[in-house]
Number of protein chains: 2
Amino acid sequence: MAVDDVDRRLLGLLQEDATQPYAVLGEAVGLSAGAAHERVRKLKASGVIRRTTIEVDPAALGRGVLAYVLLDADAWMGDKRAALEAIGAVEEAHVIAGPASVLVKVRAGTTEELQQTLRALHQVDGVTSTQTVVVLESFFERPPAVV
Amino acid sequence: MAVDDVDRRLLGLLQEDATQPYAVLGEAVGLSAGAAHERVRKLKASGVIRRTTIEVDPAALGRGVLAYVLLDADAWMGDKRAALEAIGAVEEAHVIAGPASVLVKVRAGTTEELQQTLRALHQVDGVTSTQTVVVLESFFERPPAVV
DNA sequence: GCTGAAACACCTCACTT
DNA sequence: AAGTGAGGTGTTTCAGC
């Protein structure tokens, strides 16, 4: 789908606050409420907007420990998506180029829970070793830029 | 704030689709619409719910290249938040324990743009070297677990 | 593809249990 | 703290340009 500059501005406004009335969105980009609504409808229909969701504070839910873990493997890891997805503390999993095979983002409640997650990662078929990078302070985590 | 099991179920439902009427949310957890609304209002007021937002498809917006970059530094990096935040392609920045100082998540449109971002990272005061991990395939990126 | 108005559904709030 | 019902508001739809 063709996404023009007005669409991108609408996406930015919706990222900040998806509860705004279409009249306000339209005014911000120089459109009527109806026209703004039509733009957003198409962005949703085409998949540019995947869903409307809430952003939660992980620390408030008892997940204040963040870490990234590099997984080394002695087998092809391309079919290990389900095994990684089954580990609740794993927030992201990526196949990577370079020394290791897979990079996962882990958010745990405590260092003990982080250790349990590392054990679970070791038990995934093919994984031979892990390197853990513990986050001391997060400067920011923000959504993808739309401009 | 005390977050009980019903709150967590509401958070999960809202993560999936924040446009659902409170009547539907309430029914799913065994509450009336008004009671469900009151729960959600408190979750927002206390900051457990940071905001209502949209989830966009980065690839549809021309940001199909994902990489993680480890930054080594010869100075304290704790005051470099603003410098990193100013680089639009940097989606996350974390101070880490271990060999490197800072870990950043970069989403670029092309490998050329990734290279430009690496140059910008090198120009941040204190950064002495970078190690880049390029993502070949993302298994998944999902929001923090609420349960 | 954009504009504008009318029907509809939802949210909100005060009151009750 | 949760349920109920009335009132106000935003959204949605549709015809017209």
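Hydrogens, waters and symmetry mates are skipped; everything else that's a heavy atom, side chains included, is used. Keep in mind the model is a prediction, meaning the values are calculated, not measured. Below, chain A is the first sequence line, B the second, and so on; all start at residue 1.
For the pair A:Gln20 CD and D:dT11 C1', the interatomic distance rounds to 15 Å; values are reported in whole Å. One interatomic measurement links the two molecules: CG of A:Asp7 to P of C:dG1, which rounds to 11 Å at whole-angstrom precision. Whole-Å rounding puts the A:Arg39 CZ to D:dT12 C1' distance at 19 Å. Protein atom CD of B:Glu38 is 13 Å distant from nucleotide atom C1' of C:dA14, rounded to whole Å. Straight-line distance from the CD atom of A:Glu27 to the P atom of D:dT11: 14 Å, rounded to whole Å.
Distances from the side chain of A:Tyr22 to the nucleotides D:dT11, C:dT3, D:dA2 place D:dT11 closest. Nearest to the side chain of B:His37, among C:dT12, D:dT12, D:dG3, sits C:dT12. Nearest nucleotide to the B:Pro21 side chain, out of D:dT4, D:dT11, C:dC11: C:dC11. In this structure, of C:dC11, D:dA2, C:dC2, it is D:dA2 that holds the atom nearest to the side chain of B:Leu31.
Under the 4.0 Å criterion applied to side-chain N and carboxylate O atoms, B:Arg107 and B:Glu141 are assigned as salt-bridge partners.
Proximity of the aromatic rings of B:His94 and A:Phe140 is defined here by a centroid distance below 6.0 angstrom, and this criterion is not met.
For the side-chain contact (heavy atoms from CB on, under 4.5 Å) with A:Val65, the qualifying choice from A:Val135, A:Thr117, A:Leu114 is A:Leu114, the only one to do so.
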Let's go through A:Val48 and A:Val3 carefully: what are the C-alpha distance in whole Å and the side-chain angles of both, what is the deciding distance for side-chain contact (heavy atoms from CB on, under 4.5 Å) to 0.1 Å, and is it a yes or a no? CA-CA 9 Å; A:Val48 177; A:Val3 180; 4.1 Å; yes
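The residue A:Arg41 sits apart from the nucleic acid: no heavy atom pair falls under 4.0 Å.
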